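Below you'll find the structure, written out as structure tokens, and then a few comments.
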Protein chains: 2
Amino acid sequence: MNIGDVSKRAGLPPKTIRYYEDIGLVTPLRDPNGYRSFRGSDMHKLAFLSRARALGFTIEDCRNLLALWDDKDRASADVRAIAKEHLTQIESKIADLQDIRKTLTHLVKECAGDDRPDCPILQTLENISKQ
Amino acid sequence: MNIGDVSKRAGLPPKTIRYYEDIGLVTPLRDPNGYRSFRGSDMHKLAFLSRARALGFTIEDCRNLLALWDDKDRASADVRAIAKEHLTQIESKIADLQDIRKTLTHLVKECAGDDRPDCPILQTLENISKQ
DNA sequence: CCTTGACCTTCCACCTGCTGGAACCTCTAT
DNA sequence: ATAGAGGTTCCAGCAGGTGGAAGGTCAAGG
């Protein structure tokens, strides 16, 4: 399969796939004309990457997950540890964003949003402790 | 004030402050010895930046907010539009992360996390539509 | 047979928002 | 005089790609 087909099937832009080859996540073969030739296993890996990235795993996480995936003797605890650590990070990110949302919602509600220059948003950013 | 003092007061690393000068967000004066000399207004701007960045506004948003802040005739609607757009983005990010959390929580729960190689996490990443 | 257009290739620069380090200068206290 | 804690500049690099230029290749239509 050429890169275009793989791109459509895996849902990753060709540029991203080339980048993944660059950093050693996939190693497709080459046709005599120099085109990349993706095997089923490459396709499989890229689809895996696409999903793992969509779940917010870092590239390094993905590299580890792929290694574990290749390793038939892996302990599921290893995979679970990666996922769990990632989950913790996701949860703290959600909490941060919820804090931010709260503040912003408050600010947007307070602001008249008309032609007058009085703006509680700027006042608050000026000195957030006064809110 | 020297950069160290400003750094402590604004809660921004000196490197970041120099970077903000580089990209034109602040323009401190210079002492004869070449040291940056921050006026009250610079300090003010940096504190503003520190807060706005903590709320997740992009640098470009901050640039716009600072311009509006400087503009006594601004319409509060302009500021509100920026904040509202940002709020929308925050909310969609939260929703994305909550989706991810749901999937991950499910996966971590399913996974035995022992020495056996059976791992529903990898199985799912292999073909997420089967979950 | 030639051309057109859609592919593919490589390489290099750029994006955001900093951060680290090297090499050097300056001020203050002892 | 010297040590140490500031300050300065510049250059490189992080993640995770994206954009564009310059060129090679392939299949279809005239």
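What you see is a predicted model; the values in this text were computed from it and never measured. In the text below, chain A, chain B and the rest are named by the order of the sequence lines, each starting its count at 1.
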inquiry  = Can you classify the ring geometry of B:His86 versus B:Phe57 as parallel (below 30°), tilted (30 to 60°) or perpendicular (above 60°)?
reply    = tilted

task = May I ask you to evaluate whether B:Arg36 reaches the phosphate of D:dT8, defined as a side-chain N or O under 4.0 Å from OP1 or OP2?
result = yes

task = Could you tell me whether B:Arg18 and B:Glu21 make a salt bridge, using a distance below 4.0 angstrom between a side-chain N and a carboxylate O?
result = no

remark   = Taken to the nearest whole Å, CG/B:Asn2 to P/D:dA5 is 17 Å

inquiry  = Checking contacts here: which listed nucleotide (D:dG16, D:dT8, C:dC18) is nearest the side-chain heavy atoms of B:Arg53?
reply    = C:dC18

key: Main-chain N/O of B:Leu12 paired to B:Ser7 side chain as donor or acceptor, under 3.5 Å   = yes

ask   = What's the closest nucleotide to the B:Asn33 side chain, out of C:dC27, D:dG17, C:dT10?
value = C:dC27

query = Rounded to whole angstroms, how far apart are CG on A:Asp31 and P on C:dC7?
reply = 17 Å

Length of the line joining A:Asp22:CG and D:dT18:C1', which is rounded to integer Å = 13 Å

query = When you look at CZ of A:Arg39, are more than 12 heavy atoms from neighbouring residues, nucleotides or ligands closer to it than 6.0 Å?
reply = yes

key: Nearest-Å distance for atom pair CD1/P, residues B:Ile3 and D:dA5   = 19 Å

inquiry  = Please classify the nucleic acid contact of B:Pro14 as base, sugar-phosphate, or nothing, using heavy-atom distances under 4.0 Å.
reply    = nothing

request  = Would you indicate which nucleotide in D:dT9, C:dT10, C:dT19 comes nearest to any side-chain atom of B:Thr16?
outcome  = C:dT19

request  = Could you tell me whether the side chain of B:Lys15 has a donor or acceptor atom within less than 3.5 Å of a complementary atom in the base of C:dG21?
outcome  = yes

ask   = More 5' along DNA chain C: A:Gly4 or B:Tyr20, using each one's nearest nucleotide?
value = A:Gly4

task = Measure from OH on A:Tyr19 to C1' on C:dA13 and round the result to the nearest Å.
result = 15 Å

task = Measure the distance from CD1 on A:Ile59 to C1' on D:dG17 and round it to the nearest whole Å.
result = 9 Å

ask   = So, do B:Leu66 and B:Leu49 sit near enough that their side-chain heavy atoms are less than 4.5 Å apart?
value = yes

task = Let me know the distance between CD1 of B:Ile23 and C1' of C:dC15, rounded to the nearest Å.
result = 13 Å

request  = Starting from C1' on C:dT19, measure out to CZ on B:Arg18 and report it in whole angstrom.
outcome  = 12 Å

Side chain A:Tyr35 and base D:dG24 donor-acceptor under 3.5 Å = yes

